[in-house]
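See structure below.
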Amino acid sequence: MGIELFFKRMQASFLCQWDEFWTFKIDLLINILNTILEVCMWFFLAQIVDPETLGYKGVGYLPFVLVGSVAIFFVDSVYSNFTDKFHSDRKSGIFKMSYISNMGVVQYFLINFFTSLLFDIFTVFLPMVGTFVLLLQFVTEETVLYFGWYHLATILIALVIFILGNLGFQLMTVGSTLFLKQGDPVSFFMEQFNRLFSGQLFPTTFLPQFLLFLPKILPAAYIILIWRDVLFKNKVFFDPGVLGLIFAGFIVNILIFFIGIYIFYYGINRAKIEGRWF
């Protein structure tokens, strides 16, 4: 795959998605409005949640849930930009065209991921953070966020590691869909588990004892905990606690990634043997 051809195809994908966005302007506005309303919901929840239950001294619920949700946004972008596009193209037959054309499967997914992520930053991430900044004007308590070069480096290290793990789950999703041919159970479980058991909306310490193992196998749970320690507690990657989380998270995520690759290629080979791509 030539790098020049790859960027030309990415540019074409970007232009197509740009046309789609401006063709369906109402959908674009609805996506942004949904993000704004979600942050407003956090604002009202912050009025009734006791900050002492969050596990961070001097941290209000609004910044607590924002950090978790921003982390979830980047991790879930792997899901939405990888798996959703696959399913829509699979149903429309576009993916079959990619399958039988000169464009490789890996290139197909990379182009969809990078172009879609760019649009998500403007339709989800920026409205989320912008609404949060505006709502801060109505909150009396102040939360100190630590953000220097070492903090940024730690955030990026965690992001790369845990996007890798979530990518593994999405590879499982595509592979299992091609293998089962009757639905997509992995996406359902991942979407719900990430939201409920990763610590995004409430501390994982509230989970029942028999569910405490779930955050340990979810990529999003590690990244949320690391980001909060970095931003709220002024810890960075050479801190023993953060370093331990990064190491443990790396082991878990790399295992998930390789399991996902195995299931992905197993599903592809099964589809090829059976002479289908759906």
Side-chain angles (χ1 to χ4, degrees), residues 17-18 21-22 25-81 114-160 162-163 166 194-196 198-204 220-237 242:
Q17 193 155 337
W18 177 266
F21 262 75
W22 285 109
K25 296 182 180 66
I26 299 298
D27 288 346
L28 174 62
L29 292 174
I30 288 175
N31 288 339
I32 296 175
L33 182 61
N34 281 338
T35 302
I36 293 173
L37 291 176
E38 185 174 4
V39 182
C40 291
M41 178 190 69
W42 303 339
F43 172 77
F44 292 117
L45 285 174
Q47 314 309 309
I48 61 175
V49 173
D50 181 6
E52 297 298 322
T53 64
L54 303 178
Y56 297 93
K57 185 178 180 180
V59 175
Y61 183 73
L62 193 54
F64 174 87
V65 72
L66 175 79
V67 171
S69 297
V70 169
I72 283 284
F73 161 72
F74 282 108
V75 175
D76 279 358
S77 287
V78 179
Y79 164 75
S80 61
N81 299 326
F114 286 123
T115 54
S116 298
L117 179 60
L118 181 61
F119 283 97
D120 280 354
I121 288 175
F122 288 97
T123 58
V124 180
F125 174 71
L126 291 180
M128 181 187 296
V129 175
T131 306
F132 169 76
V133 171
L134 289 175
L135 289 176
L136 281 183
Q137 312 306 316
F138 303 96
V139 179
T140 54
E141 69 272 7
E142 293 184 0
T143 299
V144 177
L145 296 179
Y146 300 94
F147 201 82
W149 287 110
Y150 285 127
H151 302 88
L152 178 61
T154 308
I155 286 173
L156 293 178
I157 290 171
L159 182 62
V160 171
F162 303 115
I163 279 185
N166 211 53
N194 269 347
R195 183 170 293 273
L196 294 176
S198 65
Q200 174 192 3
L201 302 176
F202 55 86
T204 56
Y222 285 95
I223 188 175
I224 288 174
L225 188 57
I226 291 174
W227 280 23
R228 284 177 178 154
D229 280 357
V230 168
L231 295 172
F232 297 153
K233 294 185 176 181
N234 196 22
K235 295 182 178 181
V236 292
F237 58 83
V242 173

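In this chain, residues are counted from 1 in sequence order. We use all heavy atoms of the structure for the numbers below, so side chains are in, but hydrogens, waters and symmetry mates are not.
- Not counting sequence neighbours, the partners of Tyr222 by the ring pair (Phe, Tyr, Trp, His ring centres under 6.0 Å) test are Phe162.
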Could you walk me through whether Ile48 and Tyr61 pass the side chain to side chain contact (heavy atoms under 4.5 Å, CB included) test, one step at a time?
-> CA-CA 9 Å; Ile48 61 175; Tyr61 183 73; over 6 Å; no

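- Put simply, the side chain of Asn31 does not reach to within 4.5 Å of the side chain of Val124, judged on heavy atoms.
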Result block: side-chain N/O donor-acceptor pairs under 3.5 angstrom for residues 146-158, not counting sequence neighbours:
| residue | atom | partner | partner atom | Å |
| --- | --- | --- | --- | --- |
| His151 | ND1 | Gly148 | N | 2.9 |
| His151 | NE2 | Asn234 | OD1 | 2.6 |
| Thr154 | OG1 | Tyr150 | O | 2.8 |
| Thr154 | OG1 | Phe237 | N | 2.9 |

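- Judged as a side chain to side chain donor-acceptor pair (under 3.5 Å), and not counting sequence neighbours, the contacts of Thr115 are Ser13.
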Test Leu201 against Val65 for side chain to side chain contact (heavy atoms under 4.5 Å, CB included), laying out the working first.
-> CA-CA 6 Å; Leu201 302 176; Val65 72; 3.8 Å; yes

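- To the nearest 0.5 angstrom, Glu38 atom CD is 11.5 Å from Leu33 atom CG.
- With values rounded to the nearest 0.5 angstrom, Phe64 atom CZ is found 12.0 Å from Trp42 atom CH2.
- Note that CD1 of Ile72 is 4.5 Å distant from CD of Gln200, once rounded to the nearest 0.5 Å.
- With sequence neighbours excluded, the residues satisfying side chain to side chain contact (heavy atoms under 4.5 Å, CB included) with Thr123 are Phe21, Leu28, Ile32, Asp120.
- Considering only residues two or more places apart in sequence or on other chains, Phe202 meets the ring pair (Phe, Tyr, Trp, His ring centres under 6.0 Å) condition with none of them.
- The shortest non-hydrogen separation linking Leu62 to Ala46 is N-CB, 4.0 Å.
- Residues meeting the ring pair (Phe, Tyr, Trp, His ring centres under 6.0 Å) test with Phe125, sequence neighbours left out: Phe73, Phe74.
- Take Leu126 and apply the side chain to side chain contact (heavy atoms under 4.5 Å, CB included) test, not counting sequence neighbours, and it matches Ile121, Phe122.
- Counting heavy atoms from C-beta outward, Phe43 and Phe132 have side chains that stay 4.5 Å or more apart.
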Using a 3.5 Å cut-off and no angle test, enumerate the donor-acceptor pairs between side-chain atoms of residues 52-60 and protein atoms at least two apart in sequence or in another chain.
| residue | atom | partner | partner atom | Å |
| --- | --- | --- | --- | --- |
| Thr53 | OG1 | Asp50 | O | 2.7 |

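- One distance of note links CG of Asn34 with CG of Leu29; it measures 11.0 Å at 0.5 Å rounding.
- Scanning for side chain to side chain contact (heavy atoms under 4.5 Å, CB included) contacts around Thr131 gives Ile36, Val39, Cys40, Leu135, with sequence neighbours left out.
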